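Here's the structure we're looking at; comments come further down.
The structure presented is a predicted model; accordingly, all values stated were derived computationally and were not measured.
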Amino acid sequence: ASSIDRIAQENAVGSATNPSTALRMMQRIAQEGAVRDHLIQRLLDEIPFTSLNGDPTKRLPNNVNVCFKYIEGETLLLLLSEKHIYASAGSACASGSLEPSHVLTAIGIPHEDAYGSLRLTLGPETTIADVDEVVDLMKPIIAHLREQSPLYLNCYNTHSYCSHEY
């Protein structure tokens with residue numbers, strides 16, 4: 001078959017049944033999942049008071065949604081955008097809303113903590129080195145925002161129990 005026929009076949013409805021196309025899709029999902037898992041692990045290990053929103057394994061391979069306790073997601077977005085890191089906060093269903101995701105509050109995340117949620121979407125070209133750079137840029141930004149947070153300062157200064165868990 002000519003290359004035009006092969007391209008047409010790969011883009012045709014049902015092309016996922018083509019073994020080579022299915023294999024490429026599985027490899028892409030595995031690669032994105034590995035990068036996602038690396039990002040999640042670094043965020044959870046290196047940024048205190050960070051929790052993963054949703055199930056750790058039953059999630060899209062390119063989706064990371066985390067909560068950074070004691071900060072506001074909107075402020076974090078502004079500072080991240082200055083570093084050319086683009087993410088989302090709040091509800092995915094109500095883009096542009098300042099309200100926290102109703103899904104996060106429905107799964108039991110306190111309203112005030114849901115405000116610190118951040119959603120990162122990885123592309124097929126995103127590498128481990130890319131996410132390492134993102135985490136390295138995020139750590140001082142989040143530390144700076146927490147230094148401005150009365151809730152965090154109260155927790156830190158009084159040495160009261162500040163939970164990582166919900």
Side-chain angles (χ1 to χ4, degrees), residues 7 10-111 113-146 164-166:
I7 292 170
E10 287 181 8
N11 291 323
V13 175
S15 64
T17 58
N18 178 327
S20 65
T21 303
L23 180 60
R24 284 194 307 272
M25 289 173 60
M26 289 173 42
Q27 289 170 335
R28 178 179 165 183
I29 289 169
Q31 173 63 27
E32 286 179 356
V35 173
R36 174 208 60 204
D37 293 345
H38 178 77
L39 174 58
I40 290 169
Q41 200 60 55
R42 282 215 49 207
L43 291 171
L44 296 178
D45 288 349
E46 298 177 32
I47 302 176
F49 305 107
T50 299
S51 59
L52 180 65
N53 297 325
D55 189 89
T57 58
K58 296 177 186 169
R59 61 187 318 113
L60 294 172
N62 66 341
N63 176 275
V64 175
N65 191 314
V66 291
C67 178
F68 301 107
K69 197 168 184 172
Y70 305 117
I71 66 168
E72 292 182 5
E74 292 298 322
T75 308
L76 178 59
L77 286 180
L78 291 173
L79 295 174
L80 290 175
S81 70
E82 291 176 0
K83 304 287 187 187
H84 305 284
I85 300 169
Y86 303 103
S88 303
S91 174
C93 303
S95 181
S97 170
L98 296 179
E99 288 300 310
S101 166
H102 65 279
V103 173
L104 296 180
T105 57
I107 62 172
I109 295 174
H111 199 266
D113 292 345
Y115 274 110
S117 289
L118 184 76
R119 189 175 54 259
L120 296 158
T121 305
L122 309 175
E125 304 300 320
T126 305
T127 66
I128 296 282
D130 294 332
V131 299
D132 284 343
E133 181 179 357
V134 166
V135 173
D136 291 341
L137 289 168
M138 289 176 74
K139 291 187 320 186
I141 292 170
I142 292 168
H144 171 74
L145 290 175
R146 286 195 175 135
H164 288 280
E165 303 296 321
Y166 294 120

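- Heavy atoms of other residues, nucleotides or ligands lying less than 6.0 angstrom from NZ of Lys139 number more than 12.
- Here the OG-CZ distance, from Ser51 to Phe68, works out to 9.0 Å after rounding to the nearest 0.5 Å.
- The minimum heavy-atom distance linking Leu120 with Ala87 is given by the pair CD2-CB, 3.5 Å.
- In this structure Val134 satisfies the side-chain contact (heavy atoms from CB on, under 4.5 Å) test together with Ile85, Met138, sequence neighbours excluded.
- The shortest heavy-atom contact between Ala89 and Ser117 is CB-O, 3.6 Å.
- Atom-to-atom distance recorded for Leu43:CG and Ile142:CD1 is 7.0 Å, nearest 0.5 angstrom.
- For the side-chain contact (heavy atoms from CB on, under 4.5 Å) test, residues two or more places apart in sequence or in another chain that qualify with Asn63 are Arg59, Leu60, Asn65, Arg119.
- Note that CD of Glu72 and CG of Leu145 are 9.0 Å apart. Values are rounded to the nearest 0.5 Å.
- Distance check: Glu32 CD to Glu125 CD gives 9.5 Å after rounding to the nearest 0.5 Å.
- A pairwise comparison of heavy atoms in Ile128 and Val35 identifies CD1-CA, 4.0 Å as the closest pair.
- Looking only at side-chain heavy atoms (C-beta outward), Arg42 and Asp136 come within less than 4.5 Å of each other.
- Within the 4.5 Å cutoff, side-chain heavy atoms of Leu118 are placed close to those of Leu80.
- When side chains are defined from C-beta on, Ile47 counts as touching Arg146, because their heavy atoms get closer than 4.5 Å.
- Distance check, rounded to the nearest 0.5 Å: NE2 of His38 to OG1 of Thr127 gives 9.0 Å.
- In this structure, CZ on Arg36 lies 12.0 Å from OG1 on Thr121, to the nearest 0.5 angstrom.
- Between Glu82 and Ile141 there is no side-chain heavy-atom pair separated by less than 4.5 Å.
- In Glu133, the CD atom is not crowded: 12 or fewer heavy atoms of neighbouring residues, nucleotides or ligands sit closer than 6.0 Å.
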